[in-house]
Amino acid sequence: MARHASMQGADLVRLTLIAVMAFLTVVDLFAAQALLPTLAAHYGVSPAAMGLAVNACTLGMAAGGLGVALFGHLAPRREGILASLLILAVPTLLLAVAPSLAIFSALRVAQGLAMSAAFGLTLSYLGERYMAESAASAFAAYITGNVASNLIGRLIATAVADHSGLAVTFAAFAVLNLAGAGLVFATIDRVPRAPGAARSTGSLAGARAHLANPALRAGFAIGFCILFAFIGTFTYINFELVQPPLALGMMQLGVVYFVFLPSIVSTPLAGRTVAVLGVRPALWCGLAVAAAGLPLLLSLHLASVLAGMVLLAAGTFFAQAVATGFVSRAATENKSAASGIYLASYFLGGLAGSAILGRLYEDFGWGACVAGIGVSLACAAVLTFRLRVRPAI
């Protein structure tokens with residue numbers, strides 16, 4: 001009994017460290033979205049232009065994901081993750097003094113490249129380090145850290161920007177990047193991979209093999225749809241929240257992002273839900289929850305809008321955890337290639353969502369933007385029919 005409790009305690013510590021590592025890796029990714037109205041005013045540009053610039057990091061994330069897919073097998077996991085986080089701190093700090101929107105966008109792309117390298121190599125490390133039954137919980141913990149970064153990162157961004165300005169805000173995030181590098185240095189070791197865990201060999205041939213697999217192709221496309229919907233919601237709703245009739249201030253806007261708090265509780269349940277219901281029903285559940293929030297986003301009452309944001313966040317993060325775990329399980333070899341392609345597709349979805357839904361928002365309004373989000377979720381639901389993985393022997 002005591003030994004069992006000790007093992008459970010060790011597992012909890014390990015999963016917590018994985019979640020914190022994820023938080024410090026991607027905290028820069030979406031925190032800047034909470035600053036969109038302030039940034040648009042600072043650079044004197046339209047919401048769509050600023051939204052595309054802030055989300056330019058997804059272009060870097062996609063390119064970095066392809067790099068991991070093709071060359072991830074060459075990179076030592078610990079050293080690669082550590083170097084990526086150290087490099088990430090550089091463009092993050094330079095954002096504090098970016099003189100133009102073009103330079104701001106370029107620095108966001110550079111951030112994306114570094115974040116994606118760290119993210120993809122960590123996913124490969126988890127897939128190699130843990131056996132199948134443990135990997136689902138590890139991946140869910142990593143996505144939970146991603147969720148936490150959305151909440152805490154936005155709170156930090158709005159609080160620091162409100163009190164000290166944009167420059168100090170980006171400097172603070174550079175410090176968090178360095179903290180992430182310190183955590184990797186202290187906790188990721190070079191112990192042998194677990195018995196039964198797959199080895200990642202990477203290469204162009206491995207990437208082609210994954211793209212020839214219909215189930216994996218569907219998994220990659222679902223990732224595209226998920227971030228398309230998420231970006232569309234949490235980029236342009238910022239402008240709705242600060243305009244009448246809601247008319248929230250900067251600090252109030254930061255508090256709004258407590259809508260991510262339920263997702264921190266629900267996302268870790270993805271692994272258990274898959275074990276009980278299977279991949280497809282679990283993914284449909286997540287997508288249905290997200291879709292249920294869409295009508296509420298159109299309300300003129302803050303409580304209803306917040307409820308819609310809660311549902312959209314919980315559903316998309318849950319679906320992302322399920323999809324990420326599926327890709328890892330379905331790719332029995334060349335896991336770094338599979339992780340890289342998934343990340344490239346996922347973040348290309350974010351870039352496409354920012355561009356397409358931004359155009360809809362400016363030309364036709366928030367209602368058209370929400371309709372586009374709904375189409376993306378529906379596409380993901382249809383693609384889910386194609387997710388099949390051979391049972392483990």
Classify the ring geometry between [X] and [Y] as parallel (under 30°), tilted (30 to 60°) or perpendicular (over 60°).
| X | Y | answer |
| --- | --- | --- |
| Y257 | F234 | tilted |
| F119 | F347 | perpendicular |
| Y342 | Y346 | parallel |

Quiz item: For V54 and T235, what are the C-alpha separation, side-chain angles and deciding distance, and is it a side-chain contact (heavy atoms from CB on, under 4.5 Å)?
Solution: CA-CA 9 Å; V54 164; T235 295; over 6 Å; no

[atom1]-[atom2] distance between [X] and [Y], expressed to the nearest 0.5 angstrom:
| X | Y | atom1 | atom2 | answer |
| --- | --- | --- | --- | --- |
| N177 | L24 | CG | CG | 8.0 Å |
| L216 | I341 | CG | CD1 | 8.0 Å |
| L121 | L82 | CG | CG | 11.5 Å |
| L348 | F228 | CG | CZ | 12.0 Å |

Quiz prompt | Residue among T316, L296, V259 satisfying side-chain contact (heavy atoms from CB on, under 4.5 Å) with L311 | solution = L296

Quick one: does [X]'s side chain get under 4.5 Å of [Y]'s, heavy atoms only?
| X | Y | result |
| --- | --- | --- |
| L95 | Q111 | yes |
| L357 | I373 | yes |
| E362 | F239 | no |

Practice problem: Examine R78 relative to F185 and say whether NZ or CZ is less than 6.0 Å from the centre of the six-membered ring and inside a 45° cone about the ring axis. | Solution: yes

Exercise. Return yes if some donor-acceptor pair links the side-chain N/O of S354 with the main-chain N/O of G350 below 3.5 Å, else return no.
Key: no

Exercise. Could you name each residue pair satisfying salt bridge (charged side-chain N to carboxylate O under 4.0 Å, His left out) that touches residues 257-282, not counting sequence neighbours?
Key: none

